[in-house]
Amino acid sequence: MEREKLISGNGNPSYGEGATSFADDDDLLDISTDTDGSVSFLGGLSTRRRRSVNGTENGSDSYEGGTAPDQYEDFHTIDWARDMQRYRKEHKAVSRRSSRSIWGRLKGSFYAVSAWVVVLLVGIFAGAFAGIIDIGATWLSDIKLGVCKDAFWLNWEQCCWVQNNTQFGNEDDIQCLTWFQWYELFGLQDPQDWRAYLVSYLMFVGAALLMSALAVLLVLAFAPYACGSGIPEIKTILSGFIMRGFFGKWTLLIKSITMILVVGAGLSLGKEGPLVHVACCCGNLFAHLIPKYGKNEAKKREMLSAASAAGVSVAFGAPIGGVLFSLEEISYYFPLKTLWRSFFCAMIAAFVLQAINPFGNDHAVKFYVEYNTPWYFFEIVPFILLGIFGGLYGVVFNRLNLKWCQLRITSKLGKYPITEVLLVALATALLSYPNPYSRLNTSQLIAALFRECGPQDAIGFCDYNRTYTRTDQHWYPSAEAQPGLIAAMWQLPLAMILQGILTVFTFGLKVPAGLFIPTMAVGAIGGRLMGIAMEQLAIEHPDLLIFTGCFDSGKCITPGLYAMVGAAATLGGVTRMTISLVVIMFELTGGLTYIVPLMIACMVSKWVADAFGRDGIYDGHIHLNGYPFLDGKQEFMRTTLAYDVMSPRRTDPPLLTITMDTSTVEELENLTTETRFNTYPVIVSKDSQRLVGVVYRKELIHALKQARKNQTGIVSQSKVYFTRKVPKFQVPGIPQHLSLLSILDGSPVTITDQTPMSTVVDMFKKLGIRTCLVTHNGRLLGIISKKDVLRHIAELDHQDPGSTFFH
Amino acid sequence: MEREKLISGNGNPSYGEGATSFADDDDLLDISTDTDGSVSFLGGLSTRRRRSVNGTENGSDSYEGGTAPDQYEDFHTIDWARDMQRYRKEHKAVSRRSSRSIWGRLKGSFYAVSAWVVVLLVGIFAGAFAGIIDIGATWLSDIKLGVCKDAFWLNWEQCCWVQNNTQFGNEDDIQCLTWFQWYELFGLQDPQDWRAYLVSYLMFVGAALLMSALAVLLVLAFAPYACGSGIPEIKTILSGFIMRGFFGKWTLLIKSITMILVVGAGLSLGKEGPLVHVACCCGNLFAHLIPKYGKNEAKKREMLSAASAAGVSVAFGAPIGGVLFSLEEISYYFPLKTLWRSFFCAMIAAFVLQAINPFGNDHAVKFYVEYNTPWYFFEIVPFILLGIFGGLYGVVFNRLNLKWCQLRITSKLGKYPITEVLLVALATALLSYPNPYSRLNTSQLIAALFRECGPQDAIGFCDYNRTYTRTDQHWYPSAEAQPGLIAAMWQLPLAMILQGILTVFTFGLKVPAGLFIPTMAVGAIGGRLMGIAMEQLAIEHPDLLIFTGCFDSGKCITPGLYAMVGAAATLGGVTRMTISLVVIMFELTGGLTYIVPLMIACMVSKWVADAFGRDGIYDGHIHLNGYPFLDGKQEFMRTTLAYDVMSPRRTDPPLLTITMDTSTVEELENLTTETRFNTYPVIVSKDSQRLVGVVYRKELIHALKQARKNQTGIVSQSKVYFTRKVPKFQVPGIPQHLSLLSILDGSPVTITDQTPMSTVVDMFKKLGIRTCLVTHNGRLLGIISKKDVLRHIAELDHQDPGSTFFH
Amino acid sequence: KAQFEDCRCKCVCPGDPHSKHKVNVTVVSVPALECTCQHVTGRSELECLRCECKFEVRSTTIIKIVVIFVLVLIGVLLAYLIALLIMDPGMLKRSETDRRRQPQEVLYQDAAEVAPGSSYFGRRLGRVGSAQKRWQHKVKQQRQDVFQDHTLLS
Amino acid sequence: KAQFEDCRCKCVCPGDPHSKHKVNVTVVSVPALECTCQHVTGRSELECLRCECKFEVRSTTIIKIVVIFVLVLIGVLLAYLIALLIMDPGMLKRSETDRRRQPQEVLYQDAAEVAPGSSYFGRRLGRVGSAQKRWQHKVKQQRQDVFQDHTLLS
């Protein structure tokens with residue numbers, strides 16, 4: 001069956017998740033392909049576990065298949081309920097065994113501790129990867145401008161880190177003697193020389209192009225799944241979708257390397273989303289060390305939730321924010337146990353990253369700020385304005401970006417990924433070099449915008465006419481603007497617009513690309529501008545009523561706070577995060593003082609964005625790609641009934657069913673070859689239509705094949721029984737019968753046709769089932785699969801049904 | 001039916017939640033009893049809403065009962081699924097109406113905003129109540145020692161707040177001239193005089209006794225539900241239990257007032273749990289302003305979740321910690337929308353409390369600390385020890401306290417609540433006065449223990465032999481102990497033991513009593529002692545290997561940090577909180593630096609406590625009282641089947657059912673009067689046993705009564721039809737038939753008898769259903785109610801089945 | 001009564017190491033801007049290095065209102081309690097097992113009986129009385145649950 | 001190469017207000033205990049009031065290792081990529097629609113064929129080869145999904 005048909009197969013009554021594709025089951029164990037499956041150091045557990053896999057009978061070990069029936073196929077949806085059921089059986093087996101012997105007890109206790117070990121390893125590796133990426137990216141970023149003499153591995157900041165001398169003057173006047181600018185290659189010494197400028201410009205653009213080209217080539221050749229932010233896919237996978245290779249080793253490797261390259265190239269993208277992906281890859285990798293996670297897709301997703309928390313934790317240096325991000329934005333099934341593990345994982349990751357100390361500031365994040373100036377009540381008005389700005393920006397950005405991405409899918413643009421990346425890189429490098437703020441590494445810019453201007457800050461917008469009094473070392477009063485600040489008032493808006501426009505085209509390129517940093521940059525610039533404006537207003541008119549008492553502490557407005565609020569607002573508008581965003585920002589400052597401004601901005605931004613736009617950017621991309629993602633957060637508020645959704649529809653042929661005791665082996669074999677449904681309901685008789693249970697396609701095929709091979713006397717005309725009531729004695733002349741009671745799942749989820757769809761959606765969301773059967777007065781009427789539900793929701797939302805295909 | 005039988009009614013097959021009790025339905029609207037129901041300012045909405053209450057048909061408005069069928073009876077379990085379904089209908093009606101006219105649109109937008117308004121009000125009032133309680137309690141606490149001259153309403157600290165003078169000497173040497181000690185009444189001036197001591201002692205004991213007596217009398221006379229911590233009950237209620245009056249006005253009033261009294265009396269209790277209760281009372285009160293919350297028990301619980309977050313937020317000044325506490329410990333159903341609202345509510349509450357500034361330190365909490373000394377890797381060992389200590393303390397405390405509470409229930413002790421409170425108060429006052437640390441208000445003691453010793457701290461354990469150098473103002477190096485500190489080394493342990501023992505007897509008294517403060521005190525003392533020991537060790541042997549580099553910053557050990565870690569450990573041991581505890585502690589310090597020590601202590605403490613004890617104290621009390629609480633956090637790991645749990649059992653009489661088209665009015669009336677089940681299944685015929693739907697007792701009674709009254713021709717022999725297939729023409733001689741299709745719920749939750757109980761438990765937990773029906777091959781077999789599930793879990797846990805009765 | 005100001009500036013300096021006194025605390029109530037160590041303690045800039053000056057604000061009015069409110073509330077409740085006890089001395093002791101949980105209708109009827117035959121004020125009073133009766137009934141039930149049956153809050 | 005020390009003490013003082021220079025930055029590498037303004041800048045205690053001294057630590061070794069590791073990794077990947085491109089020049093361009101998603105058995109058979117008739121090393125190599133083939137097949141599938149069908153990550 002062709003994949004293309006599958007995808008656009010919207011018309012066929014795809015109950016039971018449509019058709020199958022020929023993915024190799026072996027890939028489930030992404031790491032075990034190399035080592036012949038002997039990686040799992042709990043191998044004994046793993047093989048024994050298979051004995052109690054079948055979930056139909058109370059503790060029955062009767063069905064011992066060769067292939068495990070728990071393997072899902074690629075691009076299929078998992079059945080949480082069955083997986084959790086399997087986990088419980090396994091757990092019971094382990095605890096039963098552990099009560100028997102000391103060895104069993106040891107194993108049992110290892111079984112209990114193993115999750116923590118995995119989480120620890122994930123945390124350590126996520127932190128290490130983040131450290132490597134940070135160090136590599138800052139180095140590559142500076143290599144566009146020059147190189148460190150004698151120690152080429154140091155970036156500009158580290159190269160000029162220690163100079164055993166005392167100097168007077170602005171910090172950028174201080175020549176760093178150990179740093180070698182590229183124009184010095186040509187014997188040019190004066191940076192003001194136009195030839196030197198040109199050489200620098202060309203080197204900058206050339207280096208950026210080279211790095212981007214390298215990145216996109218590596219992605220294309222080794223791990224196509226490494227491109228993009230990955231968060232929409234992670235959300236989909238965590239909601240119970242199988243996407244083989246998405247968390248593979250190669251994805252991990254290539255994503256890390258290319259992220260260094262693209263951040264170094266200075267593209268308008270960040271590393272937060274990709275870091276979550278990298279952390280999840282680590283999580284997947286280590287989850288396979290322990291069979292109870294590696295073999296159980298539902299349990300593995302708990303691990304991945306914890307890993308994604310670690311990803312955000314290292315991206316922002318905000319462990320609590322990371323956990324809440326995982327809870328709010330990414331995860332689907334988040335039991336309390338996972339909350340605690342996520343927290344541990346995020347903590348460890350942040351701790352490791354802090355130990356690596358990539359920024360040399362003893363913090364896990366580049367833009368850590370620490371100021372404690374109070375804010376005043378009248379400032380709520382600008383904060384609300386920033387919130388509105390952030391919300392509007394979010395709406396416009398999301399719409400433009402989604403339009404552009406759709407264009408990429410539908411038009412010829414998508415055929416030339418390398419060219420596209422190169423063009424965007426060229427434009428980025430060409431346009432950003434002239435503007436000093438755009439030229440900066442984006443996270444350096446954000447860090448500068450967030451910081452309050454101190455004595456050592458020599459960046460343009462810190463050019464104040466300060467008059468220092470000597471009493472208090474933290475007393476930097478508000479002051480009038482100097483030329484540097486005035487120049488910043490047109491340079492910064494230009495940088496903001498450039499950043500905003502470039503990000504629209506960058507997010508969705510076929511390289512790893514996060515959205516947080518550029519979005520934050522836009523908001524931070526906007527906020528800083530507003531803060532500077534307010535500050536100058538306060539200085540010009542200190543006698544205005546609103547500024548009463550404001551100058552008591554010498555400083556009236558904190559522009560850095562405005563930058564933070566602005567960054568939170570745009571992020572809120574684009575991603576529609578709420579509490580996790582506030583907490584992340586709160587952890588960056590480490591003070592409860594600013595939680596109210598941040599909250600106001602986030603709330604206003606979210607409200608404005610929700611009023612004008614539909615979804616956050618991640619949900620937008622999920623819709624665009626047509627992933628089968630059933631959003632657990634959106635409440636289903638319609639009043640349709642199960643009857644309106646179930647297949648077969650009125651006009652369709654009746655439901656394919658198996659009768660309990662009349663089918664023959666041949667009939668079933670035909671059924672499995674002619675149709676590709678995942679689930680076949682078993683009924684008592686065609687007459688009564690009373691439901692007995694369901695049989696899964698894979699298990700049925702396997703069981704029939706085994707029976708043909710192993711059991712003598714089974715011929716095509718053999719009757720198949722799905723009931724205990726089997727004729728006891730062999731009647732001569734009639735072929736031997738076959739009892740397949742062991743593969744019958746006697747506990748399918750059933751609902752009546754009058755059940756409101758909201759309840760059904762709840763059941764799909766909360767119980768994590770794949771299909772449910774619809775009955776009326778005890779008779780089987782139809783079936784609802786997860787995709788039917790998704791399609792129904794999409795129809796109710798008046799989406800173009802053609803555009804939403806679900807794999 | 002007697003209530004006593006109900007409670008111990010373990011043997012009867014209580015499907016459908018057992019029997020009813022005669023609680024007045026009116027009490028649901030606790031505030032509307034005074035104002036004749038005209039409180040709801042969305043009154044129009046409320047009456048219209050009732051038209052679409054019935055959840056059976058798609059948008060059918062056919063059933064318009066006189067009494068709303070959504071009212072639950074006291075001590076019954078709510079049906080989340082039906083309530084949410086009702087909410088969705090209502091929501092749809094509002095949005096349909098709002099699209100029609102401007103007025104409708106206005107109403108619709110108000111409908112959408114109303115929740116935020118309620119949350120805002122709850123936050124404001126929770127903060128205000130907390131402020132009042134704090135101010136009142138500190139004042140009453142000091143009134144035991146003396147009174148402020150000229151301004152009796154000021155406590156000691158506030159009374160001596162401003163003294164326009166400069167003085168040298170220890171701070172406690174500085175006489176506060178405006179404060180009037182009680183012994184001065186008798187003309188005694190010298191506090192060292194034994195008569196002065198005696199007078200003070202007697203006044204102290206007398207005042208404590210008086211306040212406790214007043215508190216217990218008020219509780220007894222006006223609001224018995226105001227006693228205790230309230231958290232076990234809140235957990236139970238939020239899990240979907242009805243306990244009328246528990247969040248009433250009187251409970252709110254009396255709990256606030258008596259809390260002031262008991263904290264003032266110096267009993268070994270805190271105000272955290274009760275503050276959560278108070279906040280929930282506010283939440284309940286304001287939820288009734290808006291019908292969509294007031295009339296819908298499921299939605300109301302969302303509001304209560306947010307309110308409980310505000311309660312913890314004001315108790316600790318930790319808004320994020322409050323939200324996480326609500327999420328982790330209290331709430332049952334916590335959708336993301338609630339998370340965001342809880343956060344808002346907690347923020348507002350903390351903000352209001354901070355504006356009231358009850359402690360005069362600009363923080364919402366008395367023990368706010370701010371220090372930034374680093375911790376060293378070797379300190380992990382003492383932190384782990386503290387964790388073990390906390391875990392063991394938790395186990396011992398929980399066991400003793402539960403034993404004592406059980407004794408109170410079973411023995412005569414429970415008959416004398418007033419005497420018991422007075423005795424405990426007497427013992428507390430008598431024993432704590434001599435010890436200077438016990439004599440302190442517990443939260444003052446904790447604040448002192450958490451703080452680092454600065455120049456102005458004159459408490460005994462800050463008596464160091466400091467040598468000040470003048471370079472750095474935050475440089476308080478480690479120093480040797482002086483007499484005050486040495487005396488503290490035996491006074492503090494005594495205080496700790498006293499606190500621990502008294503708390504065992506205090507928690508469970510018939511006065512409002514929280515557990516956090518005394519538990520924290522025990523842990524903080526333990527931690528501080530260990531910190532002082534470590535510090536002195538470091539000073540005595542600075543050349544030990546582990547102390548390498550420790551003295552670099554002058555200060556090697558921070559005993560205040562140890563106190564915090566100890567407090568976190570004991571709290572973790574007693575309550576088994578995890579992440580919320582860490583976050584609360586983290587918000588108290590406001591620095592990420594100490595998150596690792598706190599986490600280590602919490603984790604070790606939880607592990608140790610889980611290894612030796614069963615549950616946290618709140619769950620323990622829930623078990624002790626036999627509340628029907630189905631813990632959403634504990635995974636059900638058994639492999640029993642629904643068949644093993646359902647009633648009727650093999651030996652029981654068969655299930656009572658109604659047939660679809662053969663029952664008469666008289667039969668049904670007899671059924672409702674003779675049995676007290678909540679749910680009656682309707683089947684096609686006795687023969688086929690195929691399920692059609694269920695009918696709820698209340699609706700059935702009401703419908704029959706209405707039919708008798710309003711419809712002519714309905715006599716006892718009239719046939720009742722629960723199907724569309726009704727004979728079209730009236731046959732003479734046969735009484736007129738009655739169609740009750742409108743009250744038939746056609747979408748009951750059904751499972752097969754082979755369904756594993758873990759799935760069933762999941763359905764009860766996650767879908768929030770009350771009962772589910774068990775079928776086999778489409779035939780109705782039995783029924784499982786929430787209480788059956790609870791009983792089953794209790795049996796599997798080998799609990800004494802006699803001791804666990806569920807209301 | 002100038003001593004109960006609403007703001008203060010508190011400077012804490014370590015005392016002279018040679019003298020017996022350890023700490024030197026200066027508290028004055030000055031405006032925020034004047035709360036500097038040099039201004040308050042009169043020391044030199046250098047000597048001020050080790051001092052900590054904090055400007056603090058409080059509201060005695062709020063404290064006054066709250067404390068008096070609480071006292072009044074306790075007084076009123078106490079008076080009400082005494083009144084109730086005088087009217088029904090066995091209130092707190094009596095076992096209610098037999099009479100409790102009587103059908104609600106009885107109570108409503110009480111209210112209904114009063115209603116028709118009296119003036120607006122009488123009805124109003126009657127309603128208050130009936131509300132109070134209902135409330136007392138509820139409290140009795142609660143008392144029974146908590147103190148006698150120990151089914152709740154034990 | 002003493003200039004790439006792993007610790008530094010950085011003191012930032014505001015410059016003389018009368019002079020043109022605004023900031024006075026002093027950076028020295030001294031032990032932690034010696035990182036005080038007076039010791040580093042040689043100013044008096046009073047003049048040091050407005051200076052900020054920070055002691056910072058870094059690890060150039062980690063940076064060196066990481067950067068070299070990253071460079072080597074990129075180099076190796078690039079070399080491998082070039083090797084692959086030489087072996088199969090159309091690799092990145094070719095449309096795989098017809099050949100892709102071939103039944104897995106074919107690939108396994110490839111591996112099986114190599115296995116019996118060769119030495120341990122040969123088997124080993126064969127296994128590696130087959131693993132590589134499988135991997136390449138997977139990458140091709142991914143490429144198809146992402147770049148041609150646009151069903152993922154678009």
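Each chain gets a letter, A, B and so on, in the order the sequences are listed, and its residues count up from 1. Model, not experiment: these values are computed from the prediction. As a basis for the values below, the full set of heavy atoms in this structure was taken, side chains included, without hydrogen atoms, waters or symmetry mates.
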Should B:W139 and C:L71 count as side-chain neighbours, where that means a heavy-atom distance under 4.5 Å?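 In contact.
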Report yes if some heavy atom in the side chain of C:L73 is under 4.5 Å from a heavy atom in the side chain of B:L253; otherwise report no.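 Yes; the side chains approach each other to less than 4.5 Å.
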Side chain, backbone, both or neither: which part of [X] has an atom under 4.5 Å from a heavy atom of chain C?
X: B:P232; result: neither
X: B:F222; result: both
X: B:I254; result: side chain

Sort C:I68 into side chain, backbone, both or neither according to what part of it lies under 4.5 angstrom from a heavy atom of chain B.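 Contact with chain B involves the side chain of C:I68 alone.
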Need one label for C:I65: side chain, backbone, both or neither, based on atoms under 4.5 Å from any heavy atom in chain B.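 No part of C:I65 comes within 4.5 Å of chain B.
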For the CZ atom on C:F69, are there more than 12 heavy atoms of other groups (residues, nucleotides or ligands in this structure) within a distance under 6.0 Å?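 Check fails, neighbour count at 12 or below.
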So which atom in B:A221 and which in C:L81 form the shortest heavy-atom distance, rounded to 0.1 Å?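 Here B:A221 and C:L81 meet closest at CB-CD1, 3.0 Å.
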Which pair of heavy atoms, one from B:Q158 and one from C:R58, lies closest together, and at what distance?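 Nearest heavy atoms, B:Q158 then C:R58: O-NH1, 2.6 Å.
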Hey, which of C:L77, C:D6, C:T60 has the most heavy atom pairs under 4.5 Å with chain B?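 Ranked by heavy-atom pairs under 4.5 Å with chain B, first place is C:L77.
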From [atom1] ([X]) to [atom2] ([Y]), nearest 0.5 Å:
X: C:K64; Y: B:L154; atom1: NZ; atom2: CG; result: 9.5 Å
X: C:K138; Y: B:R244; atom1: NZ; atom2: CZ; result: 10.0 Å
X: C:I63; Y: B:I356; atom1: CD1; atom2: CD1; result: 11.0 Å

Name the option with the most non-hydrogen atom pairs under 4.5 Å to chain C; the candidates are B:T410, B:N155, B:L214.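 Max contact count across the listed options: B:L214.
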Closer than 3.5 angstrom, by distance alone: can the side chain of C:R143 be matched with the main-chain N or O of B:P224 as a donor-acceptor pair?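 Pair absent, no side-chain N/O of C:R143 close to backbone of B:P224.
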Criterion side-chain contact (heavy atoms from CB on, under 4.5 Å) against C:I74, the qualifying member of B:I257, B:I260, B:T258: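 Single side-chain contact (heavy atoms from CB on, under 4.5 Å) partner of C:I74 among B:I257, B:I260, B:T258: B:I257.
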According to disulfide bond (SG atoms under 2.5 Å apart), who are the partners of C:C7, at least two apart in sequence or on a separate chain?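 Not a single residue meets the disulfide bond (SG atoms under 2.5 Å apart) criterion with C:C7.
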